[in-house]
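The block underneath contains the structure these notes are about, expressed in structure tokens.
In this chain, residues are counted from 1 in sequence order.
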Amino acid sequence: MADAMLQYTATHDSLTVWWDRPDDAGAKRHYRVMVNGEMERETTVTHCTIRGLQPSQTYRVAVRLDADGSGRFHGLASVEARTTAVKRVIDVTQPPYYAVGDGRKLNTAAIQQALDNCDADSVVVIPAGTFLTGALRMHSHTDLVVSKDATLQGTTDPADYEPYIRSWFEGIEMNCLSSLINIGELDHDGPANVTDVTIRGEGAILSGGRELMRNVIDREKQRIRDGRSTAPAAVGRPDGDDTVPGRVRPRLINMSNASRVTIAGLTLGQSASWNVHMIYSDHIVTYGCTFRSKGVFNGDGWDPDSCEDCTIFDCAFETGDDAIAIKSGKNPEGNVINRPCRNIRIFDCRATFGFGITLGSEMSGGIANVRIWDCDMSSTSFGLEIKATRKRGGYVRDVRAYDSTFSHIQLHGVPYNDDGEDSGHVPEFEDMLFDNVRIEDRFPAASDARGKGRDIEVCGFDAEHPAHDITFRNLTIASTQPGDIDPNANGMGNIRLQFARDISFTGDCA
């Protein structure tokens, strides 16, 4: 990564800055964050929050790098960053809104009115309490704060997530129930139609979880029987009876054609499906959040889908599926729409359960320029997985992972999520680097077969379509756990290469 440009978000009294991992950063690297020439903090991670600042003030923030622990620092990047003005507070419990945080009263209309009244100089505040709500919508230049000890709680009734809206789920454009928070309107040919939205705080945004998931699927099955469903019939073999009706489920936060959206500091989870899903969007940043959806089918954490310039850092995951899933549509629709997912940054993230970081399996529009560093996915069932079905088309290329721990690294074809017409093209896996990574399977459910597999798997689709130009550098592989493919194998004994070309390894077996 040649560019270490500083980026930032601001409140009236703080700045959060982040930067790319520079190419010359070694294992003993340190950074110094300077504010107006004075040292603010020394850190080993590529982000910093600076607090106690004054409103509407400009600060010069600079980062210096000691690349090798020698104590010699050199300038890396700087930015002139400005805090915001103090905003007018719209408290949803005050007149004329009168929302009640008792966990029983439905507050959808009250909170929506507050959001409608919010402008660039205002902030909507959810104070302490549990505020039950259905689907909400945010427009441009809105700021929502969920305070400490506050929960914005979605209901378990599918009717509270009407009307159906145009969306994209598992690579299919279709009508889905509205999400708990909705930003923008879907248009695969158009630019952003909502910009500059912030959702932040120390509280929680939760939906109806497994109960809502089940209620939506059961209701949609009846709608299918009645001929009223909006879910398109599967082409080919779906994965199960719940697959097609499950595609109309609401997400927790859904962004369609959105730009410059910040989500920070919150506990997010218990969506009926994916939690944070952005579609045809750009410049989405998420940090300091905890994602919880254990027990929810398809309970992904953070999913950029045909998006550009999206960043997530300093987040923790305990999810019922992928912690992070990078997508770009399903054949043949994704190939035709042809909006790749690219320029994705993932750093200083960790997971204690779930599937890990995934690229695919919906990737028909292509995935490129993905950077991952300082992450720990060793307690996930798959670690880092790059996957597609043979008929998907598209590509995954220019992927770099540094200074991270994974339970596995696997690039391969998969048999599931394979409905949809054949694109006529075989996916391409190419140009990847995994540098200073450790393979260590610490998946907590030792009896779960999902956590068992080759430490490293690099498999193309056939001799004419190999995975190629993939480098593993400074690789460490820890001993495998009992119950793996071969309990006596570690290191090269637990690596599988098939239809692979120009693959190189350097490293150790621990």
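- In this structure, Thr44 and Asp374 approach most closely via the heavy-atom pair O-OD2, 4.1 Å.
- For residues 263-280, no residue pair satisfies the salt bridge (charged side-chain N to carboxylate O under 4.0 Å, His left out) rule, not counting sequence neighbours.
- Considering all non-hydrogen atoms of both residues, Gly26 and Arg29 come closest at O-NH1, 3.0 Å.
- Note on residues 130-148: pairs passing salt bridge (charged side-chain N to carboxylate O under 4.0 Å, His left out), not counting sequence neighbours, are Lys87-Asp143, Asp143-Arg200.
- Closest of all the heavy-atom pairs between Cys375 and Ser404 is N-OG, 3.0 Å.
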* To do: Determine, stepwise, if the pair Val61 / Val33 fulfils side-chain contact (heavy atoms from CB on, under 4.5 Å).
  => CA-CA 7 Å; Val61 181; Val33 180; 4.1 Å; yes
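- The distance from the SG atom of Cys307 to the CD1 atom of Ile326 is 10.5 Å, given to the nearest 0.5 Å.
- To the nearest 0.5 Å, the span separating CG on Asp24 from CG on Leu76 amounts to 8.0 Å.
- Between the side chain of Asn257 and the main chain of Pro191, a donor-acceptor pair closer than 3.5 Å is present.
- Counting only N and O atoms by type, the side chains of Ser361 and Asn417 include a donor and acceptor under 3.5 Å apart.
- In this structure, a donor-acceptor pair under 3.5 Å is present between the side chains of Thr58 and Arg82.
- Looking only at atom types and distance, the side chain of Asp13 has a donor-acceptor partner in the side chain of Thr11 under 3.5 Å away.
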* Asked: Please walk me through it: do Trp19 and Tyr31 pass ring pair (Phe, Tyr, Trp, His ring centres under 6.0 Å)?
  -> CA-CA 11 Å; Trp19 57 95; Tyr31 305 95; 5.3 Å; yes
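- Annotation for Gly366 and Ser328: closest pair N-OG, 2.9 Å, computed over non-hydrogen atoms.
- Asp20 contributes no side-chain N or O that, together with a main-chain N or O of Pro22, makes up a donor-acceptor pair within less than 3.5 Å.
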* To do: Just do the salt bridge (charged side-chain N to carboxylate O under 4.0 Å, His left out) check on Lys221 and Asp242 with the steps written out, would you?
  => CA-CA 8 Å; Lys221 285 181 177 179; Asp242 290 344; 2.8 Å; yes
* Report the C-alpha separation of Arg350 and Asp314 in whole Å, then their side-chain angles, then the decisive distance to 0.1 Å, and conclude whether the salt bridge (charged side-chain N to carboxylate O under 4.0 Å, His left out) test is met. => CA-CA 8 Å; Arg350 55 236 167 248; Asp314 189 26; 3.2 Å; yes
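- A salt bridge (charged side-chain N to carboxylate O under 4.0 Å, His left out) check over residues 169-185, counting only residues at least two apart or in different chains, returns the pairs Glu170-Arg247.
- Using the six-membered ring where Trp is involved, Tyr280 and Trp168 have ring planes that are tilted, between 30° and 60° apart.
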* For Arg251 and Ser167, run side-chain contact (heavy atoms from CB on, under 4.5 Å): C-alpha distance rounded to whole Å, both residues' side-chain angles, the deciding distance at 0.1 Å, then the answer. => CA-CA 10 Å; Arg251 273 122 283 174; Ser167 191; 3.0 Å; yes
* To do: Evaluate salt bridge (charged side-chain N to carboxylate O under 4.0 Å, His left out) for Lys330 paired with Glu362, printing each intermediate quantity in order.
  => CA-CA 5 Å; Lys330 180 186 289 185; Glu362 302 98 278; over 6 Å; no
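- Panel note: side chain Ser207, backbone Ser271; no donor-acceptor pair is recorded below 3.5 Å.
- When all heavy atoms are compared, the tightest approach of Met363 to Lys387 is CG-O, 3.8 Å.
- Using a 3.5 Å distance cut-off with no hydrogens or angles, the side chains of Asn275 and Arg292 do not pair a donor with an acceptor.
- Not a single donor-acceptor pair under 3.5 Å links the side chain of Ser379 to the backbone N or O of Thr352.
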* Report the C-alpha distance between Glu308 and Ile344 in whole Å, list the side-chain angles of each, state the deciding distance to 0.1 Å, and finish with yes or no for side-chain contact (heavy atoms from CB on, under 4.5 Å). => CA-CA 7 Å; Glu308 299 186 10; Ile344 309 299; over 6 Å; no
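- Here the two rings, on Trp18 and Tyr8, have centers that are 6.0 Å apart or farther.
- Here Trp302 and Phe317 keep their ring centres 6.0 angstrom or further from each other.
- The environment of CZ in Arg228 is crowded: more than 12 heavy-atom neighbours from other residues, nucleotides or ligands sit within 6.0 Å.
- Side-chain atoms of Asp348 and His47 form a donor-acceptor pair, as typed in the model, at a separation below 3.5 Å.
- Considering Ile253, Val145, Leu152 in turn, Ile253 is the only one that fulfils the side chain to side chain contact (heavy atoms under 4.5 Å, CB included) rule with Ile199.
- Judged as a side chain to side chain contact (heavy atoms under 4.5 Å, CB included), and not counting sequence neighbours, the contacts of Thr151 are Thr130, Gln153, Ala204, Leu206.
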* Output, in order, the C-alpha distance, side-chain angles, deciding distance and verdict of side-chain contact (heavy atoms from CB on, under 4.5 Å) for Ile312 and Ile324. => CA-CA 9 Å; Ile312 184 167; Ile324 295 168; 3.9 Å; yes
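- The closest side-chain donor-acceptor pair between Ser147 and Asp149, if any, does not fall under 3.5 angstrom.
- In terms of the side chain to side chain donor-acceptor pair (under 3.5 Å) criterion, Asn335 has no residue partners (sequence neighbours excluded).
- Here the closest non-hydrogen pair linking Thr319 and Ser293 is CA-OG, 3.3 Å.
- A salt bridge does not link Arg400 with Asp23: none of the charged nitrogens is closer than 4.0 Å to a carboxylate oxygen.
- Remark: the Thr16 side chain and the Thr49 side chain contain an N/O donor-acceptor pair separated by less than 3.5 Å.
- Here Ser229 pairs with Glu220 under the side chain to side chain donor-acceptor pair (under 3.5 Å) rule; sequence neighbours left out.
- A donor atom on one side chain and an acceptor atom on the other are not found under 3.5 Å apart for Asn254 and Ser179.
- When atom types are taken as modelled, the side chain of Ser281 and the backbone of Met278 share no donor-acceptor pair closer than 3.5 angstrom.
- Counted by atom type alone, Arg21 and Thr46 present zero donor-acceptor pairs between their side chains at under 3.5 Å.
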* Go through the steps to decide whether Asp282 and Ser259 satisfy the test side chain to side chain donor-acceptor pair (under 3.5 Å), and finish with yes or no. => CA-CA 5 Å; Asp282 65 83; Ser259 182; 2.7 Å; yes
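- A side-chain donor from one of Asp305 and His277 sits under 3.5 Å from a side-chain acceptor of the other.
- If you check the side chains of Asn298 and Ser273, you find no donor sitting under 3.5 Å from an acceptor.
- Side chain of Asp218 to main chain of Asn215: no donor-acceptor pair is present (N/O by atom type, distance under 3.5 Å, no hydrogens or angles).
- Judged purely by distance below 3.5 Å, without hydrogens or angles, the side chains of Thr311 and Tyr287 never pair a donor atom with an acceptor atom.
- For the 3.5 Å distance criterion, the side chains of Thr133 and Asn107 fail to qualify, holding no donor opposite an acceptor.
- A donor-acceptor pair is defined here as one N or O able to donate and one able to accept, closer than 3.5 Å; no such pair exists between the side chain of Arg210 and the backbone of Arg214.
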* To do: In sequence, state the C-alpha distance, the side-chain angles, and the governing distance for Arg371 and Asp398, and then conclude on salt bridge (charged side-chain N to carboxylate O under 4.0 Å, His left out).
  => CA-CA 9 Å; Arg371 301 292 185 265; Asp398 189 14; 3.0 Å; yes
